[in-house]
Q: 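My structure is below; once you've seen it, I'll send some questions.
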Amino acid sequence: MPARSRALWFAAMGVYAFLYLPLLIVIVFSFNDSRLNARWTGFTLDWYAKLLGNQQLLTAAWNSLVIALAVTLISVLVGTIAGIALSRYRARALSLLVVTPMAVPDILTGVSLLVFFVMIHLTLGMQSVILAHVSFCISFVAIVVRSALTNLDPHLVEAARDLGATPFIAFRKVVMPAITPGIVAGALLAFTLSIDDFVITFFTAGAGTTTLPLQVYSMIKVSITPEINAVSTLLMVMTLSLVVLASRLAPETIRT
Amino acid sequence: MSLLEMRHITRRFDDDTVAVDDLSLSIQPGEFFTLLGPSGCGKTTLLRMIAGFDDPDAGSLLLDGEELAGVPPEQRPVHTVFQSYALFPHMSVAENVAFPLRMASVRRAEREQRTREALEQVRLADFAHRRPDQLSGGQRQRVAVARALVNRPRLLLLDEPLAALDLKMREQMQIELISLQMEVGITFVYVTHDQGEALALSDRLAVMNNGRVEQVGDPSDVYEFPDTRFVADFIGTCNLLDGSVGQSETGLVYLDVPGLGPLGVASDASPRTGAPGTLAVRPEKVRIDARIEPATHENRLEGTVHDQLYLGDVTVYRIEITDGQLVEAMLPNTSARGERFFDFGDQVQLAWRHDAGRLLAD
Amino acid sequence: MTRAGSLQTEAVKRRLLVGLPTLVLLVLFAAPTLIMVLATFQFPDDFGGLAPAWYSDSDGVHLDLTLENYERFAGEAIYLKIFWRSLVYATLTTLFCAALAYPLAMFITRAPSRIRDLLVLLVILPFWSNFLIRVYAWMSILGPRSLFTEGLNGLLGWFGLGPVTLLFTPFAVIVGLVYVHLPFMVLPLYANLCRHDPAWLDAARDLGASPWKTFVGVTLPMSVPGLVAGSLLVFIPALGAFAVPDILGGAQGAMIGNLISDQFLSARDWPFGSTIAVALTLFVVFIAWLMTAVARRLPGGAAHAR
C-alpha cells in the first residue's frame with residue numbers, strides 16, 4: 001500500500017512538472033543574457049527594456065485592451081440577460097445557442113465569421129474582432145450567471161415580496177446581490193478570453209489590425225528572440241492576476 | 001478454542017487520540033457477537049482492524065490461532081457488510097454477489113449455482129438482473145449480506161448495517177438476520193450504537209467506551225447487571241443514586257444516599273464503610289402506588305409526582321423525594337381505557353427489592 | 001394591476017429576456033454557420049472571397065452554384081490523408097491525456113481534503129496563461145539546441161542511435177496537443193473519481209480482490225463516464241487544432257486546421273475551405289454522438305446516467 005501510494009505520488013508530481021516546467025523555462029529565459037533560448041549565461045532585464053521601445057507591440061497591446069474592454073461590456077450585457085433567461089424559462093433554442101459555440105473548434109468559428117463578415121460587407125478590423133469575440137464570450141458569461149442564479153433560493157424573492165417589497169426592490173435587494181459575483185466573474189472571464197484569443201482573431205482581424213497574440217504569433221513565426229519570453233512572462237503575470245482577482249471576487253463561480 | 005482472539009490491541013491515530021486502548025476480547029465459533037457503544041468509542045476502528053483495512057499499533061489478532069497482522073484484507077477469510085452497503089453500482093445484483101467467487105476463481109457453473117443459492121437465501125432470486133439503484137434500502141442490505149456470505153467466510157463483520165433503514169424495516173431485518181445467522185452458522189460480529197438492536201440480536205455483546213470494553217456478557221446479564229455506571233446509563237434508562245457505603249451485612253450493603261437515607265442493595269462485595277458508591281435501579285423495577293405496605297428486603301420511599309412522560313405502552317413518572325432528588329418509575333398502562341393512575345403533585349410511595357438494584361463501585 | 005395585465009407584462013418580459021440574446025446569437029453564431037454551409041456550394045471569386053451565388057442577365061436571375069467542392073474533397077487523396085492524420089493525432093492526444101490525467105486525478109482524489117482544491121487549481125492555472133505562450137514554450141524545449149534535445153541525443157548516441165530532430169515533427173505536434181488539452185481530461189475525471197464511494201474499494205478488497213483487480217474491476221469501469229466526458233473535451237478541439245501544428249509541426253505535421261487556413265489565407269479558395277470546415281463539423285458531431293452512445297452502453301454509464 002505505501003509503495004503504491006508512493007508510485008502514485010511520483011506519477012502525479014511528474015504530471016505537475018510537465019504542466020509547469022515549460023512555463024518556468026519561458027520565465028527563466030526572459031531574464032537570460034543571451035540571444036539563444038538554450039543556455040543560461042547571465043541575468044538581464046534588457047528584453048523587458050526592449051519591449052518598451054517596440055512600437056508595434058505597444059500598438060498591439062493597446063488594440064487588445066480596447067477590444068477586450070468593448071467585448072467585456074457587450075458580452076456581459078447580453079450574457080447576463082441570457083443567463084437570467086436560462087435560469088427562469090425553459091428556452092430550448094437559446095440554451096442550444098449558448099452551449100454549442102463553446103463546443104465548436106475555434107477554427108470553425110473563425111472561418112465562418114470571416115465568411116459572414118465579408119458577405120455582409122463589414123470591413124475587417126477592430127469592429128469585426130470585437131463582434132467575433134462577443135460571439136463566444138456571451139456563452140461563458142451566460143453560463144456563469146445562470147449558475148449563480150441556480151444557487152439562489154427561489155423562495156427568497158417570494159419571501160421579499162411577502163414581506164412587502166415591490167418587484168423592483170425585490171430584484172435590487174435580493175437578485176442583484178446574488179448575481180453580482182456571477183457578473184463580475186463573467187466579466188473577468190470574457191476579458192481574459194478576449195485578450196488571450198488567437199485563432200478566431202487570426203481569421204477575423206484582416207490585414208491592418210494586430211492584437212497582442214497576433215503580434216506574438218508573428219514574432220514566433222518570423223524570428224525567435226528572447227523578447228517573446230519577456231512578453232510571455234508579462235502576459236502570464238497579467239492573466240494570473242486577473243484570475244486571482246476573479247477568485248477573490250467570486251470564489252464559487254470561477255470554477256467552471 | 002475461540003475463533004477470533006484479540007489480545008491487548010491498541011490503535012492510536014496521528015493526532016495521538018487513542019481509538020482502541022489495550023483491548024482484549026475473544027469471540028466463539030458460531031456466535032452472534034455485538035460491539036455496542038456510542039460513536040467514537042472505537043468499535044468501527046476495531047472492526048476495520050479485523051477486516052484488514054487498518055493495523056493495530058500493539059497487540060495481536062488471532063483467527064483460528066493464526067496471527068492476522070500483515071495479511072491484506074483480500075486474503076482474510078473475513079467479509080464485511082458495510083454501513084453504506086458499498087454495492088458496486090455498475091454491476092447487477094447477481095454480478096455483485098458473484099464478485100467474491102470470481103475473485104476466488106470459482107468455476108463459472110459453480111459460481112452461478114452458488115450465486116443463485118445465496119440470492120434465494122435472502123429471497124432476492126427474482127432481482128438477480130436488477131441494478132443496485134433499482135432496489136429498496138432493505139433489498140440492498142440483503143444483497144450486501146448475500147455478497148458477503150456467498151463464499152462462506154469464517155467471520156462476517158456487519159458495520160451498522162441497519163442504520164439507514166426506517167424503524168419497521170429495521171425490526172424486520174433484525175429478525176431476518178438472526179434466522180439467517182442460525183441457518184448459515186457463520187460467526188457474526190455486529191457493530192452498532194443502538195442498544196435495542198444489540199439486545200435483540202446478540203448471543204453476547206461487549207459494551208465499548210473510549211476504546212475499552214466496559215462489560216462483556218449475554219444481553220440480559222448486561223442489561224440486568226451492569227458493571228459500570230457507563231453501561232447502566234448507556235443501555236436503557238437507569239436511576240443512578242450516588243451515596244456512600246454505610247453498614248453492610250452478608251450479601252447486603254446499605255448505601256447512604258443524601259436526601260433518601262440508607263438504601264439496601266444486594267451485593268457480594270464488602271466495600272469499606274464510607275467509600276463512595278452508586279445504586280443503579282431500572283425504572284421498571286420500581287413499584288409505584290399510593291400506599292405500599294412495608295416489607296423486608298425492600299427499599300421504600302415517599303414523594304410527590306414531579307412530572308410524567310406518557311409513551312403509549314408505558315408511562316414514566318418522575319417522583320420528587322426531597323428537594324431536587326428525583327427517582328424514575330415506569331408503569332405499564334394496563335388500565336382498560338387508558339386512565340392515568342397518578343397526576344402531578346400526587347403523594348405516592350415507591351418500593352423496589354434489594355436484589356433489584358445494583359451497587360456500582362465506580 | 002389586473003391579472004390579465006400582469007400576465008401580459010410577464011409575457012413581454014419573457015420575450016425580451018429570451019428574445020434579445022437569442023437574436024444576438026442567431027446573428028453571430030447561427031447565421032455565419034449557415035452562410036458557411038452555403039459557401040460550400042459557391043464558386044471562389046478571382047482574388048479570394050466568394051463569387052456571387054446568383055447573377056442576372058436578360059433571361060432573369062440564375063443561381064450560380066456547384067457541387068465541385070465536395071467532389072474535389074472526396075476525390076483527392078491528399079485531403080483524406082490529412083483527415084486521417086488529424087484523426088490519428090487527435091486519438092493519440094486523447095490517449096496520452098487519459099494516461100497522464102488518470103494518476104493525477106486519482107492522486108488528487110486521495111489527497112487530504114484541505115489541499116484538494118489547491119491541487120485542482122494547480123491543474124487549471126497553466127491553462128490561464130496565453131495559449132500561444134504554452135505552445136511557444138515547447139519550441140524552446142524541443143528546439144535543436146535545447147538542453148532536453150541535446151541530452152536526449154547524447155543518450156541515443158550512447159546506444160549508437162543517430163541524433164533525432166524533435167521540433168517541426170509529428171512528435172512535437174502531439175506533445176503540444178497533449179500539453180494544451182490535459183486539464184480538460186483531468187477535471188471531468190477528477191469530478192467522477194471523487195464521487196466514488198471509498199467503501200467500494202474497501203468492499204472489493206474485503207471480498208478478495210487484489211489492489212490491481214480492484215482498479216480494473218471497480219474503479220476503471222466506474223470512471224468511464226468521466227473518461228468519455230474528458231475524451232470529448234480533448235478530442236474535438238484537438239481534431240480542429242490549428243495553431244499547435246502550425247507552430248510546432250512542419251510540413252509533415254499539418255492537420256485539418258492548417259488545410260482550412262491555407263484555403264482561406266494562401267490558396268484563397270474560400271468555398272473549398274468552407275467545404276473542409278463543414279466536413280470537419282459533421283465529423284465532430286458524428287464522433288461526439290458515437291462516443292456518448294458507446295458510453296451509454298458501457299458498464300458505469302447507466303449508473304451515472306441519472
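First the proteins, then the strands, lettered A, B, ... as listed; each starts at 1.
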Q: Of the backbone (N, CA, C, O) and the side chain (C-beta and beyond), which part of A/Ser232 lies under 4.5 Å from a heavy atom of chain C, both, or neither?
A: both
Q: Which atoms of A/Ile25 are under 4.5 Å from chain C, going by heavy atoms: the side chain, the backbone, both sets, or neither?
A: side chain
Q: Examine whether an atom of C/Leu100 lies under 4.5 Å from a heavy atom of chain A, and if so say whether it belongs to the side chain, the backbone or both; otherwise answer neither.
A: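 For C/Leu100, heavy atoms of backbone and side chain both lie under 4.5 Å from chain A.
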Q: Heavy-atom cut-off 4.5 Å, strictly under: side chain, backbone, both or neither for A/Leu114 against chain C?
A: both
Q: Contact part of C/Val18 toward chain A, heavy-atom cut-off under 4.5 Å: side chain, backbone, both or neither?
A: both
Q: Answer with side chain, backbone, both or neither: which region of A/Val237 has an atom nearer than 4.5 Å to a non-hydrogen atom of chain C?
A: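 For A/Val237, no heavy atom lies under 4.5 Å from chain C.
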Q: Tell me, side chain or backbone of A/Ala103 under 4.5 Å from chain C's heavy atoms, or both, or neither?
A: backbone
Q: Side chain from CB out, backbone as N, CA, C, O: work out which of these in C/Ala277 comes under 4.5 Å of a heavy atom of chain A, or both, or neither.
A: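 Both backbone and side chain.
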Q: What part of C/Ile108 gets within 4.5 angstrom of chain A, counting heavy atoms only: side chain, backbone, both, or neither?
A: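 Contact with chain A is through the side chain of C/Ile108 alone.
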Q: I need the C/Ile287 CD1 to C/Leu239 CG distance, nearest 0.5 Å.
A: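 Here the interatomic distance stands at 7.5 Å.
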Q: Heavy-atom cut-off 4.5 Å, strictly under: side chain, backbone, both or neither for C/Leu34 against chain A?
A: neither
Q: Given side chains that start at C-beta, do those of A/Glu227 and A/Leu51 come closer than 4.5 Å, heavy atoms only?
A: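 A/Glu227 reaches A/Leu51 side chain to side chain.
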Q: To the nearest 0.5 Å, what is the distance between CG (C/Leu17) and CD1 (A/Ile84)?
A: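 Result: 6.5 Å between the selected atoms.
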Q: Is chain C contacted by the side chain of A/Val26, its backbone, both, or neither, given a heavy-atom distance below 4.5 Å?
A: side chain
Q: Under a 4.5 Å heavy-atom cut-off, does chain A meet the side chain of C/Val135, its backbone, both or neither?
A: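 Contact with chain A involves no heavy atom of C/Val135 at all.
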Q: Go through the atoms of C/Val27 and report whether side chain, backbone, both or neither lie under 4.5 Å from a heavy atom of chain A.
A: both
